[in-house]
Amino acid sequence: MDDLRAELLVRLDPALAVEGTLRGRFRREGAELLVFRQGREEAGRVSGDPERLDLLVEILETEAPDDARAVPLPKALAAFERLAEERATLVRALLGEGREKVERVERLVCALYGLPQDLTEDVVRHAVERAAR
């Protein structure tokens, strides 16, 4: 994962122009400008491609790091999107496999206890719903 991370991610996108300190509150001031403030003073700014700034803002809003320079951003958006989709597909497959195993185990337990088929179906349905949460 670290090799892949190093290949796909970079600390604060080099395509963005950075001035000053990237700490404090930030605000978008135009499509190509993000301004950081500490108190009432401007501490720093980031300018560049609006799409790259959108991504930076989205990450900053969810992670809130002390310094925006520490935020890893994709070097290549297309490659990163492919990686994200591959991971999402893997997670969906693993969740499906887990639900299948939960269902098999519940059916075995019900068979061991000799539950009737209609009650077994209710137990399995409940177990699968619980596992999905």
Side-chain angles (χ1 to χ4, degrees):
M1 174 64 181
D2 287 333
D3 291 339
L4 185 59
R5 187 174 170 86
E7 184 179 315
L8 291 176
L9 300 177
V10 63
R11 294 284 181 208
L12 198 58
D13 193 339
L16 298 173
V18 178
E19 299 174 28
T21 305
L22 304 185
R23 295 175 188 230
R25 291 180 324 227
F26 61 90
R27 191 173 89 190
R28 192 73 175 261
E29 294 187 1
E32 297 180 355
L33 181 62
L34 185 63
V35 175
F36 289 79
R37 294 189 180 281
Q38 288 185 311
R40 294 178 185 237
E41 299 294 317
E42 182 177 309
R45 52 179 48 211
V46 180
S47 59
D49 177 46
E51 187 176 321
R52 304 297 280 186
L53 281 178
D54 289 344
L55 182 58
L56 177 59
V57 167
E58 184 178 330
I59 292 169
L60 290 174
E61 286 175 341
T62 58
E63 292 189 17
D66 290 335
D67 186 344
R69 291 177 198 266
V71 174
L73 294 173
K75 287 181 184 176
L77 287 175
F80 188 76
E81 287 171 354
R82 277 194 309 277
L83 173 65
E85 184 54 39
E86 288 170 11
R87 294 286 165 88
T89 301
L90 174 63
V91 167
R92 284 190 297 272
L94 291 171
L95 286 171
E97 184 180 325
R99 279 189 290 277
E100 277 182 31
K101 289 182 179 187
V102 165
E103 185 175 335
R104 277 194 229 146
V105 167
E106 291 297 333
R107 288 187 187 285
L108 285 171
V109 170
C110 289
L112 286 172
Y113 283 97
L115 276 109
Q117 187 62 29
D118 60 334
L119 187 53
T120 296
E121 293 307 317
D122 288 342
V123 168
V124 168
R125 185 172 39 261
H126 177 69
V128 169
E129 287 172 3
R130 190 178 64 241
R133 287 180 267 168

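All residue numbers in this chain count up from 1 along the given sequence.
Placement of V57 and L16 within a single hydrophobic cluster is found when ILVMFWY residues are connected by side-chain heavy-atom separations under 4.5 Å, directly or transitively. Grouping the Ile, Leu, Val, Met, Phe, Trp and Tyr side chains by contacts below 4.5 angstrom, directly or via other members, places L115 with V105.
When every heavy atom of L53 is checked against every heavy atom of R28, the shortest pair comes out as CB-NH2, 3.5 Å. The nearest pair of heavy atoms linking C110 to V123 is SG-CG1, 3.7 Å. Of all heavy-atom pairs between V102 and A131, the closest is CG2-CB, 4.0 Å.
Pairs passing the side-chain hydrogen bond (donor to acceptor under 3.5 Å, both in side chains) check and including a residue from residues 106-119, sequence neighbours excluded, read E103-R107, R107-E121, Q117-E121.
With respect to the salt-bridge test (charged N to carboxylate O, under 4.0 angstrom), the residues K101 and E97 qualify. Between R92 and E85 a salt bridge is recorded (basic side-chain N to carboxylate O distance below 4.0 Å).
Atom CZ in R45 sits 13.0 Å away from atom OG1 in T21 (nearest 0.5 Å). To the nearest 0.5 Å, the span separating CG on D54 from CD1 on I59 amounts to 11.0 Å.
Contact annotation: the side chain of R125 approaches that of D122 to within less than 4.5 Å [non-hydrogen atoms, C-beta and beyond]. Proximity of R87 to L83: side-chain heavy atoms (C-beta onward) are separated by under 4.5 Å at one or more points.
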Could you give the side-chain donor-acceptor pairs of residues 29-39 under 3.5 Å, partners two or more places apart or in another chain?
| residue | atom | partner | partner atom | Å |
| --- | --- | --- | --- | --- |
| E29 | OE2 | R27 | NH2 | 3.1 |

